[in-house]
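Take a look at the structure set out below.
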Amino acid sequence: RSIIHSAAEFLAARVKAHFLDDFRPRVLIICGSGLGGISNKISSDDPKPLEIGYDDIPGFKKSTVAGHQGALIFGKMNGVPVVLMNGRLHGYEGHYLFEITLPIRVLHHMGDVKQLIVTNAAGGINPKFEPCDLMCIYDHINLPGFAGLHPLKGSNFDETGPRFLPLSDAYDLGLRKLLFKKKQELGIDRPLHEGTYMYVSGPTFETRAESRLIRQLGGDAVGMSTVPEIIIARHCGWRVLALSLITNKCVIDPPPSALETEQPPMDQGIASHAEVLENGKKASLDVELLVAAVVSEL
Ligand SMILES: Nc1nc2ncn(CCNC(CO)CO)c2c(=O)[nH]1
């Protein structure tokens, strides 16, 4: 708790000194791999944004993953005061779930933010999903949580939320409807699906059998982030909206058999972080437009 309070006091002082008058961010935006361009939608003046490197914030850790900067940006997006995490932490880097979700707890302690918009890059499990499609998350499976790797494990922050948090309606219907409405208004023709996000720890991309298991369990996309942040945001009572960019089709067929006479090409569909970043670039403009359009209604 003390790290939350000292980080909150540090940030509140920096925000007050920078914006002078009242700057009360309404939403936290967390950018996924290769999707940091959303920060371009923060106006560069009136007022000038405030960018604070994670290194300078007590208790904050820096991301070590390509495609993830490491800064908190306070500013206005379409006239709405926001705070944006340019770069997120992942469990597979060795960070604790408390460290990954600390920014949410700190911003909640500061008292203004009540909504979270999170974007991520994810693997397509649902066969209807194509690379560069978008998926609005309407449910998740917290697979690591089943084994106790859970952001709410340990003593409960009673001042924030209940010991036993219901998550059956975690993904706000109103925000999901708003996302689809804005897509139509903007005339964005990139496919936007709804689906269930399977959270896995990473850092390996899934095996073929794991892809099939995820499908059988009801996952439509798979990734290594987002769910810890969603859970803590819901514990804080925030409304949440989560958007995945599908970067590839997960390899789901069984491996080629040694008994087959023909040696099929082995490199079909092998996932890579380079591909994740590449497809992130291709779709990032639509993601930026959508997020900014939703923010304008908050
Ligand atoms: N097949 C597949 N495609 C993906 N594209 C993004 N991610 C989420 C993981 N992102 C990592 C590695 O790019 C960086 O955080 C995945 C994934 O887990 N599996």
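Counting starts at 1 for both ligands and their atoms, in listed order. Numbers here are sequence positions counted from 1. This one's a predicted model, so the numbers in the text were calculated from it and none came from an experiment.
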Quick one: does M85's side chain get under 4.5 Å of L107's, heavy atoms only?
-> no

Closest to atom 16 (C) of ligand 1 (judged by heavy-atom distance), picking from A221, G32, A274, G123 | G123

Non-hydrogen atoms of S225 versus ligand 1: any pair closer than 4.0 Å?
-> no

Nearest-option assignment for atom 5 (N) of ligand 1, heavy atoms, candidates T247, L277, L245 = T247

Taking only heavy atoms of G223 into account, list the atoms of ligand 1 that are under 4.0 Å away from them.
-> 8 (C), 18 (O)

Ligand 1 to C250, heavy atom cutoff 4.0 Å, flagged ligand atoms 1 (N)

Would the H235 and F157 ring centres measure less than 6.0 Å apart?
-> no

Atom indices of ligand 1 within 4.0 angstrom of H90 heavy atoms, with elements | 15 (O)

Side chain proximity check, I100 to R88, heavy atoms < 4.5 angstrom | no

Would you say L179 and L290 make side-chain contact, with heavy atoms under 4.5 Å?
-> yes

Tell me, do N78 and K41 make a side-chain contact under 4.5 Å, heavy atoms counted?
-> no

Option with minimal heavy-atom separation from atom 3 (N) of ligand 1, where the choices are N248, I246, T204, V200 = N248

Short version for A122: what comes under 4.0 Å of ligand 1, heavy atoms counted, is backbone

Answer whether the closest heavy-atom distance between the side chains of K61 and D55 falls below 4.5 Å.
-> no

